[in-house]
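Below: the structure, in structure tokens.
Residues take their numbers from the sequence shown, with the count starting at 1. Here the structure is a predicted model, which means the values were calculated and not measured.
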Amino acid sequence: MVVGVLLLTLYIDESHSLKEKRSVLRRIKARVRTEFNVSISECDEHDLWQKTQLGICQVGTDQAYIDGALQAAVRFIEKMHLAEVGESAVEFIHY
């Protein structure tokens, strides 16, 4: 079993309050969860209006497939044009 974990930084330039940020994050998380069948959550930068870090996780048997799915999720978020994608880091855990 392979667990792929992606840590992704997003910049939400149009956000002027935590309420606006949460609204954008709800849309991103719902669409990514539905499209890619992954677990997704806000992991850090909870109190900043224009920056957040998302954790995206997928479990499977093939590391290449999981890596491709996580990278496709990043491209999907970029194409939504709701937030600017910043740094990303992927880690794999083998069980």
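Proximity of Leu10 to Val85: side-chain heavy atoms (C-beta onward) are separated by under 4.5 Å at one or more points. Counting heavy atoms from C-beta outward, Glu20 and Ser23 have side chains that stay 4.5 Å or more apart. Looking at Val59 and Met1, their side chains come closer than 4.5 Å, going by heavy atoms from C-beta outward. The shortest distance between side-chain heavy atoms of Ile93 and Glu91 falls below 4.5 Å. Within the 4.5 Å cutoff, no side-chain heavy atoms of Gln58 are placed close to those of Val2. A heavy-atom distance below 4.5 Å is found between the side chains of Glu42 and Leu25. Counting heavy atoms from C-beta on, the side chains of Glu78 and Glu84 never come closer than 4.5 Å. The side-chain heavy atoms of Thr52 and Thr9, taken from C-beta on, include no pair separated by under 4.5 Å.
Nearest heavy atom pair, residue Gly55 against residue Cys43, reads N-SG, 3.3 Å. Scanning both residues, Leu18 and Leu48, for their nearest heavy atoms gives CD2-O, 3.7 Å. Nearest approach of Val32 to Ala73, heavy atoms of both residues: CG1-CB, 4.4 Å. Listed here is the closest heavy atom pair of Cys57 and Val38: O-CB, 3.4 Å. Taking each heavy atom of Gly4 and Leu70 in turn, the nearest pair found is C-CD1, 3.8 Å.
Here CZ of Arg26 is found 12.5 Å from NZ of Lys21. Values are rounded to the nearest 0.5 Å. The distance from the CG atom of Asp44 to the CG atom of Leu7 is 8.0 Å, given to the nearest 0.5 Å. Distance CD/Gln71 to CG/Leu6: 6.5 Å, rounded to 0.5 Å. Taking CZ from Phe92 and CG from Asp67, the interatomic distance works out to 4.0 Å, rounded to the nearest 0.5 Å.
Checked by atom type and distance alone, the side chain of Arg33 never pairs as donor or acceptor with a backbone atom of Ser39 at under 3.5 Å. Judged by distance alone, with hydrogens and angles left aside, the side-chain atoms of Glu35 form no donor-acceptor pair with the main-chain N or O of Arg31 at under 3.5 Å.
The side-chain contact (heavy atoms from CB on, under 4.5 Å) test applied to Ser41 returns no partner, not counting sequence neighbours.
Ile12 and Phe76 end up in the same hydrophobic cluster when Ile, Leu, Val, Met, Phe, Trp and Tyr side chains are linked at under 4.5 Å. Note on Leu8 and Tyr11: separate hydrophobic clusters, where clusters join Ile, Leu, Val, Met, Phe, Trp and Tyr whose side-chain heavy atoms are under 4.5 Å apart, directly or indirectly. Tracing side-chain contacts under 4.5 Å through hydrophobic residues (I, L, V, M, F, W, Y), one reaches Val90 starting from Ile66; they form part of the same cluster. Put simply, Leu82 and Ile56 are part of the same group of oily side chains (I, L, V, M, F, W, Y) that touch within less than 4.5 Å, one to the next.
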Using the rule given for side-chain contact (heavy atoms from CB on, under 4.5 Å), can you reason through His94 versus Gln63, listing the C-alpha separation, both sets of side-chain angles and the distance that settles it, and then say yes or no? CA-CA 9 Å; His94 296 268; Gln63 180 173 329; 2.9 Å; yes

Applying side-chain contact (heavy atoms from CB on, under 4.5 Å) to Leu54 and Ile40, what does each step give before you reach the verdict? CA-CA 7 Å; Leu54 293 179; Ile40 183 170; 4.0 Å; yes

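Between the side chains of Ser15 and Gln50, no donor-acceptor pair is found at a separation under 3.5 Å.
More than 12 heavy atoms of other residues, nucleotides or ligands sit less than 6.0 Å from atom CG of Asp62.
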